[in-house]
Chemist: 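First the structure, then my questions, so here it is.
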Amino acid sequence: MKSITVSCPGKVILFGEHSVVYNRLAIVSSLSRRTTCKISESEKQTSLYLPLFEKTYTIPTEILFQSLNEIEQNEDYSEPLIKVLLVILQSVVSKKEFTNLKIEINSTIPIGSGLGSSASFCVSLAASLLIFFKKIDPINNTFTQEQLEKINTIAYKGENIFHGSSSGIDNTISTFGGIFTYQKGKIKPISFLKKNIEILIINSGIQRKTKEKVGRVRELYDQYQDIMTHIFNAMEQITVQFISEFTTKQTNTETNPLDKANQLCRICHELLCSIDVSHPKLDPIIKIGQKFGMHLKITGAGGGGCVYGFLLPNVDYSELEQELKNANLQYFRSKLGGEGVKIL
Ligand SMILES: Nc1ncnc2c1ncn2[C@@H]1O[C@H](COP(=O)(O)OP(=O)(O)O)[C@@H](O)[C@H]1O
Ligand SMILES: C[C@@](O)(CCOP(=O)(O)O)CC(=O)O
């Protein structure tokens with residue numbers, strides 16, 4: 001039986017979440033945590049199986065090819081996941097060409113936590129459908145640039161349903177992988193950060209919806225446009241400063257750019273707090289980091305979710321990790337960069 005499996009990464013926004021929605025420069029890296037989508041032919045109806053939620057949706061073909069307006073009236077199928085499936089599927093294949101499918105999407109990325117689970121959902125689904133219906137034909141399991149762009153464009157349509165109005169940064173990093181700056185849909189790969197930089201990611205365990213946080217920032221922007229403009233500009237300046245710390249020739253060999261990056265995390269986190277995307281549960285986590293000299297910052301939409309900090313080489317973080325364990329917090333280390341979407 002015909003079947004295809006594709007995987008793609010989650011991401012960490014190092015600097016520039018939220019301000020990127022307002023076209024400011026951001027910097028983002030892929031993570032080792034990934035989402036996989038397996039598609040095979042089905043004799044019966046089309047099903048979407050989500051092991052993480054232990055849930056299977058069975059969806060008749062006529063529903064799959066309804067418009068978004070029509071599906072919104074239908075309580076049984078109006079949730080975002082189904083709308084995302086509809087939009088992505090309809091961008092790939094016509095009703096005439098369609099055959100029933102068994103779709104399974106699984107992930108090691110914490111859901112609703114700022115690490116791009118929704119974008120990787122969209123990218124893995126878009127890529128596997130495009131291959132399954134022979135809309136793209138990767139040679140030796142390798143995507144061309146054009147094929148990646150096609151996957152990204154379709155995934156973005158789904159991500160916009162999850163996020164309301166998405167900058168496109170999450171689906172782009174999940175498609176292309178690596179580390180890059182991102183502004184208005186344009187990416188610039190960064191090579192100088194690939195030197196084994198490691199970060200610590202801590203999950204507060206507070207799940208939230210990106211759409212709500214992006215909406216909250218929009219409210220603030222509409223009320224206090226001048227102030228928000230300054231804050232977004234400052235966030236962009238942090239991205240610029242971060243890049244400059246790693247690219248400018250160091251005169252003082254004692255100064256590690258990672259020390260500066262650590263300080264920039266502190267400033268950026270405070271700016272994110274000022275636009276109301278923190279959560280009371282993050283404060284004690286930030287304090288644990290500070291106790292060991294690590295400034296943690298929100299990554300992604302905030303409102304809970306994950307914070308991250310830079311791990312300095314030759315520093316023992318076992319006490320910090322022990323405190324996180326004592327506080328029952330999930331955490332993991334990750335190197336920056338890594339492969340984008342790939343066929344398994
Ligand atoms: N593997 C998955 N299985 C089921 N749903 C998923 C999966 N990955 C993402 N989602 C959907 O994405 C939503 C979270 O998206 P979002 O609020 O953008 O947070 P994140 O920062 O994780 O991308 C979840 O509520 C869920 O509907
Ligand atoms: C807040 C934002 O900048 C990033 C959202 O990331 P996440 O969905 O929390 O992983 C929104 C966007 O860029 O579309």
Side-chain angles (χ1 to χ4, degrees), residues 6-31 33-38 48-57 78-85 88 103-125 155-156 158-174 182-185 201 203-218 220-221 232 235-236 239 268 271-272 275-279 297-308:
V6 156
S7 107
C8 63
K11 60 94 226 251
V12 58
I13 297 182
L14 297 175
F15 297 105
E17 48 279 277
H18 289 292
S19 55
V20 71
V21 177
Y22 299 79
N23 295 330
R24 304 311 197 279
L25 188 76
I27 182 160
V28 63
S29 168
S30 54
L31 283 178
R33 301 275 178 129
R34 299 178 74 90
T35 295
T36 50
C37 175
K38 181 176 178 196
L48 172 64
Y49 171 46
L50 305 169
L52 287 181
F53 294 166
E54 290 179 16
K55 195 156 186 168
T56 304
Y57 298 89
S78 61
E79 68 171 285
L81 275 173
I82 305 293
K83 287 201 256 174
V84 168
L85 173 63
I88 293 181
I103 308 170
E104 176 175 337
I105 302 184
N106 208 348
S107 190
T108 57
I109 306 167
I111 306 292
S113 306
L115 303 182
S117 74
S118 63
S120 65
F121 182 97
C122 298
V123 171
S124 66
L125 182 61
Y156 180 58
E159 181 70 337
N160 263 333
I161 290 186
F162 276 127
H163 280 195
S165 143
S166 158
S167 68
I169 191 170
D170 289 8
N171 47 282
T172 306
I173 190 72
S174 188
Y182 183 93
Q183 190 166 34
K184 295 188 200 166
I201 296 178
N203 191 347
S204 68
I206 308 292
Q207 283 194 17
R208 79 293 169 281
K209 288 210 158 51
T210 298
K211 194 171 184 168
E212 283 161 20
K213 290 289 120 192
V214 170
R216 171 68 185 138
V217 175
R218 174 64 62 188
L220 286 174
Y221 182 77
F232 292 149
M235 288 177 173
E236 176 168 79
T239 307
C268 194
L271 288 173
L272 287 163
I275 61 168
D276 201 18
V277 298
S278 190
H279 186 281
K297 84 167 257 295
I298 288 166
T299 186
C306 290
V307 294
Y308 90 90

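Being a predicted model, the structure only gives us computed values, none of them experimental. Counting convention: from 1, in listed order, for ligands and their atoms alike.
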Chemist: Do the side chain of His18 and the main chain of Ala301 share a donor and acceptor less than 3.5 angstrom apart?
Modeler: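 Judged by distance alone, yes, a pair lies under 3.5 Å.
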Chemist: Is the side chain of Arg24 donor-acceptor paired with the backbone N or O of Gly16 at a distance under 3.5 Å, no angle test?
Modeler: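 Not at all, since once roles are kept as given, no pair shorter than 3.5 Å links the two residues.
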Chemist: For Gln207 and Ser113, test the side chains for any donor-to-acceptor distance below 3.5 angstrom and give the result as yes or no.
Modeler: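 The criterion, which ignores hydrogens and geometry beyond distance, is not satisfied for Ser113 and Gln207.
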Chemist: Answer yes or no: is there a donor N or O on one side and an acceptor on the other, between the side chain of Tyr57 and the main chain of Leu81, under 3.5 Å?
Modeler: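 Checked: no pair found.
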Chemist: What atoms of ligand 1 come closer than 4.0 angstrom to any heavy atom of Leu115?
Modeler: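 Selected atoms, number and element: 21 (O).
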Chemist: Is it the case that the side chain of Asn160 and the backbone of Ser166 share a donor-acceptor pair, with hydrogens and angles ignored and the cut-off at 3.5 Å?
Modeler: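 Yes.
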Chemist: I need the atoms of ligand 2 closer than 4.0 Å to a non-hydrogen atom of Ile13, numbered in the order shown.
Modeler: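 Heavy-atom distances to Ile13 below 4.0 Å select 4 (C).
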Chemist: Check Gln183 against Leu25 and note the closest heavy-atom contact, atom names and distance.
Modeler: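 Smallest heavy-atom distance, with atoms named: NE2-N, 3.4 Å.
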Chemist: Near Gly300, which atoms of ligand 2 are under 4.0 Å from a heavy atom of that residue?
Modeler: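 By the 4.0 Å cutoff, the relevant atoms are 6 (O), 9 (O).
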Chemist: Considering only heavy atoms from C-beta outward, does the side chain of Ile27 approach that of Tyr182 to under 4.5 Å?
Modeler: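 They are not in side-chain contact.
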Chemist: If only atom types and distance count, is the side chain of Ser174 paired as donor or acceptor with the main-chain N or O of Pro9 below 3.5 Å?
Modeler: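 Indeed, once roles are kept as given, a pair shorter than 3.5 Å links the two residues.
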Chemist: Does any donor atom in the side chain of Ser7 or Arg34 lie under 3.5 Å from an acceptor atom in the other side chain?
Modeler: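 Yes, Arg34 and Ser7 have a side-chain donor paired with an acceptor closer than 3.5 Å.
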Chemist: Once rounded to the nearest 0.5 Å, what's the spacing between atom CZ of Phe121 and atom SG of Cys37?
Modeler: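 Phe121 atom CZ to Cys37 atom SG measures 8.0 Å (nearest 0.5 Å).
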Chemist: Which ligand 1 atoms, with their elements, are less than 4.0 angstrom from a heavy-atom of Thr210?
Modeler: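 With Thr210 as reference, the close atoms of ligand 1 come out as 16 (P), 17 (O), 18 (O), 19 (O), 21 (O).
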Chemist: How far is atom 2 (C) of ligand 2 from its nearest protein heavy atom, and which residue and atom is that?
Modeler: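 So the nearest neighbour among protein heavy atoms is His18 N, 4.0 Å.
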Chemist: Under 4.0 Å from a heavy atom of Val20: give me the atoms of ligand 2 that qualify, with their elements.
Modeler: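 This gives 3 (O), 13 (O) as the contact atoms.
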Chemist: Give the minimum heavy-atom separation between Ile103 and Leu125, together with the two atoms involved.
Modeler: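 Shortest heavy-atom contact: CG2-CD1, 4.0 Å.
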Chemist: Out of curiosity, is Lys211 lining ligand 1, as in a heavy atom under 4.0 Å away?
Modeler: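 No, Lys211 has no heavy atom closer than 4.0 Å to ligand 1.
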Chemist: May I ask you to identify the nearest protein heavy atom to atom 6 (C) of ligand 1, giving residue, atom name and distance to one decimal place in Å?
Modeler: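 Its nearest protein heavy-atom neighbour is Phe121 CD1, 3.8 Å.
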Chemist: Below 4.0 angstrom from a heavy atom of Gly112, which ligand 1 atoms are there? Numbered from 1 as shown, please.
Modeler: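 So the answer, numbered in order with elements, is 14 (C), 19 (O), 20 (P), 22 (O).
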Chemist: Under 4.0 Å from a heavy atom of Lys209: which atoms of ligand 1 are those, numbered in the order shown and with their elements?
Modeler: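 Within the 4.0 Å cut-off of Lys209, ligand 1 contributes 17 (O).
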Chemist: Should the proximity of Thr35 to ligand 1, defined as any heavy atom under 4.0 Å, be assigned to the side chain, the backbone, both, or neither?
Modeler: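 The answer is neither; Thr35 stays 4.0 Å or more away.
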Chemist: List the closest protein heavy-atom neighbour of atom 9 (O) of ligand 2: residue, atom name, distance to the nearest 0.1 Å.
Modeler: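 Heavy-atom neighbour on the protein nearest atom 9 (O) of ligand 2: Arg208 NH2, 2.7 Å.
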Chemist: If you have a sec, work out which protein heavy atom is nearest atom 11 (C) of ligand 2 and how many Å separate them, to one decimal?
Modeler: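 Result for atom 11 (C) of ligand 2: Val21 CG2, 3.7 Å.
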Chemist: If you count the atoms of ligand 2 from 1 in the order shown, which ones are under 4.0 Å from a heavy atom of Gly116?
Modeler: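 What qualifies from ligand 2 is 10 (O).
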Chemist: List ligand 2 atoms under 4.0 Å from Thr210, heavy atoms only on the residue side.
Modeler: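 Per the distance check, 5 (C), 7 (P), 8 (O), 9 (O).
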Chemist: Could you tell me, atom by atom, which parts of ligand 1 come under 4.0 Å of a heavy atom of Ser107?
Modeler: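 Atoms satisfying the 4.0 Å criterion: 1 (N).
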Chemist: Relative to ligand 1, is Leu52 under 4.0 angstrom through side chain, backbone, both or neither, heavy atoms considered?
Modeler: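 Under 4.0 Å from ligand 1, Leu52 contributes side-chain atoms alone.
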Chemist: Using 30° and 60° as the class boundaries, would you call the ring planes of Tyr221 and Tyr22 parallel, tilted or perpendicular?
Modeler: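 Because their plane-to-plane angle lies in the 30° to 60° range, the rings of Tyr221 and Tyr22 count as tilted.
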Chemist: Would you sort out whether Phe53 and Ile111 count as a side-chain contact (heavy atoms from CB on, under 4.5 Å), showing the intermediate values?
Modeler: CA-CA 10 Å; Phe53 294 166; Ile111 306 292; 4.1 Å; yes
Chemist: Of Ile111, Asp170, Ile109, which has the heavy atom at the shortest distance from atom 7 (C) of ligand 1?
Modeler: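 The residue whose heavy atom sits nearest atom 7 (C) of ligand 1 is Ile111.
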Chemist: Hey, does Ser117 come in under 3.5 Å of ligand 1, counting only N/O atoms on both sides?
Modeler: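 Yes, since at least one N or O of Ser117 sits under 3.5 Å from an N or O of ligand 1.
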Chemist: Hey, is Ser120 touching ligand 1 through its side chain, its backbone, both or neither, going by heavy atoms under 4.0 Å?
Modeler: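 For Ser120, no heavy atom sits under 4.0 Å from ligand 1.
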Chemist: Is it true that Lys297 and Glu17 have a side-chain N and a carboxylate O under 4.0 angstrom from each other?
Modeler: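 So Lys297 pairs with Glu17 through a salt bridge.
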Chemist: Does ligand 1 have an atom under 4.0 Å from some heavy atom of Ser113?
Modeler: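 Distance cut 4.0 Å: Ser113 passes for ligand 1.
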Chemist: Could you list which atoms of ligand 2 come closer than 4.0 Å to a heavy atom of Ile169?
Modeler: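 Contacts of ligand 2 toward Ile169, numbered from 1: 13 (O).
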Chemist: I'd like to check which ligand 1 atoms, numbered from 1 as shown, lie under 4.0 Å from a non-hydrogen atom of His163.
Modeler: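 What qualifies from ligand 1 is 18 (O).
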Chemist: For Asp170 and ligand 2, does the shortest N/O to N/O distance drop below 3.5 Å?
Modeler: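 Yes; the residue has a nitrogen or oxygen that sits under 3.5 Å from a nitrogen or oxygen of the ligand.
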Chemist: For atom 15 (O) of ligand 1, what is the nearest protein heavy atom, given as residue, atom name and distance?
Modeler: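 Scanning the protein heavy atoms, the shortest distance from atom 15 (O) of ligand 1 goes to Ser118 CB, 3.2 Å.
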Chemist: Which of the numbered atoms in ligand 2 are below 4.0 angstrom from a heavy atom of Glu17?
Modeler: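 Answer, ordered by atom number: 3 (O).
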Chemist: List every atom of ligand 1 that sits less than 4.0 Å from any heavy atom of Gly114, numbering the atoms from 1 in the order shown and giving each element.
Modeler: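 The list of qualifying atoms is 21 (O).
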Chemist: Taking the minimum heavy-atom distance to atom 14 (O) of ligand 2, which of Ser167, Gly10, Gly168 ranks first?
Modeler: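 Residue with the shortest heavy-atom distance to the ligand atom: Ser167.
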Chemist: Side chain of Thr299, backbone of Ile13: donor and acceptor closer than 3.5 Å?
Modeler: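 Side chain of Thr299 to backbone of Ile13, a donor-acceptor pair under 3.5 Å: yes, one is there.
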Chemist: Near Lys11, which atoms of ligand 2 are under 4.0 Å from a heavy atom of that residue?
Modeler: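 Listed by number with element, the hits are 6 (O), 7 (P), 10 (O).
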Chemist: Short list, please: which atoms of ligand 1 are under 4.0 Å from a heavy atom of Phe162?
Modeler: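 Listed by number with element, the hits are 11 (C), 12 (O), 27 (O).
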Chemist: Return yes when Gly116 approaches ligand 1 closer than 4.0 angstrom through a heavy atom, no otherwise.
Modeler: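 True for this residue.
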Chemist: Identify the protein heavy atom lying closest to atom 4 (C) of ligand 1, giving its residue, its atom name and the separation to 0.1 Å.
Modeler: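 Result: Phe53 CE1, 3.6 Å.
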Chemist: Please identify which of these residues, Ile173, Ile109, Leu115, meets the side-chain contact (heavy atoms from CB on, under 4.5 Å) condition with Leu31.
Modeler: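 The passing option is Leu115.
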